[in-house]
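As structure tokens, the structure follows; a few thoughts come after it.
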Amino acid sequence: MPSISRSKENLPFAPEYSNTIANFRVADGPSISKSIERMKKIIEENERIEKDFKEKFNTE
Amino acid sequence: MYFSASDFSILSGRYILLDNDFLGEIFKDKNILESIVKKFPTSYLTIDEFNKFEFLREVFLPSQITLKEEFISQESIFFPSEFHHETLKKIYTNGLIISQIYAHQSASKGIKGWGTVDLLLAGRLMMSHQNSALITGNRRHFLSCVFDTVGLININKGDETIQVFSILVFNKSRFDEKYKELSVLA
């Protein structure tokens, strides 16, 4: 708990902290590279969709 | 893209939350995506559920929604945030306290109207202050009375302008001071 003078008795709220650290799996190098390549393709695909939309509807 | 900080090692082992504006930049630029992943190899890039909501809402084209969903679902790159009931209660409580501190600290300046998602994000940073950080382009939504800037990311927009993103961490000792100041008003 934080070292502050106020408590739940005289406050509507008291600060909440957590020491929880989620135990996520850390990705290895190859899987990161694979994800980055896929994400780059998604970015390119999104650019293409936006470009087509702007050309089709003459918008900016 | 240019990074500046006195010492990036403070971010090692931390969950670096990406505010929606920075996530949007990553989604638009392959170089930014690659740079940010390589810059913080010992940190965990994290998308908060509230930022995920902001990122996915108001997309006009259905095909873009599918792309965006797949983009942020890359588990090798983005770590999920805790999103269960007990966590949300803490985030809500902290966000409300931070809003009160903001209001108190900014009363004389007439500043108000902080966004709900920004306050909830601030609440999460406060809850996990020892192991979290935030990248945001909206520094003024995370006031210096409780948040420290530990680094900057400058992105050249290609039209002679540079957009600055701040890397922030929650300052617990300063928060405690401001929280005590609130108690005087009670």
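Quantities reported herein were computed from a predicted structural model and do not represent experimental measurements. In what follows, chains carry the letters A, B, and so on, assigned in the order in which the sequence lines appear, proteins first and then strands, with residues in each chain numbered from 1.
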Pick from N46(A), I49(A), I36(A): which one has the most heavy-atom pairs with chain B under 4.5 Å? N46(A)

Contacting region of E47(A) [heavy-atom separation from chain B under 4.5 Å]: side chain

R174(B)/E177(B) salt bridge by N-O under 4.0 Å criterion: no

Presence of salt bridge, K52(B) and D48(B), under 4.0 angstrom: no

Side-chain donor-acceptor contact under 3.5 Å, D159(B) with T161(B): yes

For N20(B) and N51(B), does a side-chain donor sit closer than 3.5 Å to a side-chain acceptor? no

Does K40(A), at its NZ atom, have more than 12 non-hydrogen atoms belonging to other residues, nucleotides or ligands within less than 6.0 Å? yes

For the interface with chain A, which of K28(B), Q64(B), E34(B) has the highest count of heavy-atom pairs at distances below 4.5 Å? Q64(B)

Where on I26(B) is there a heavy atom nearer than 4.5 Å to chain A: the side chain, the backbone, both, or neither? backbone

Identify which part of L33(B) has an atom lying under 4.5 Å from any heavy atom of chain A, answering side chain, backbone, both or neither. side chain

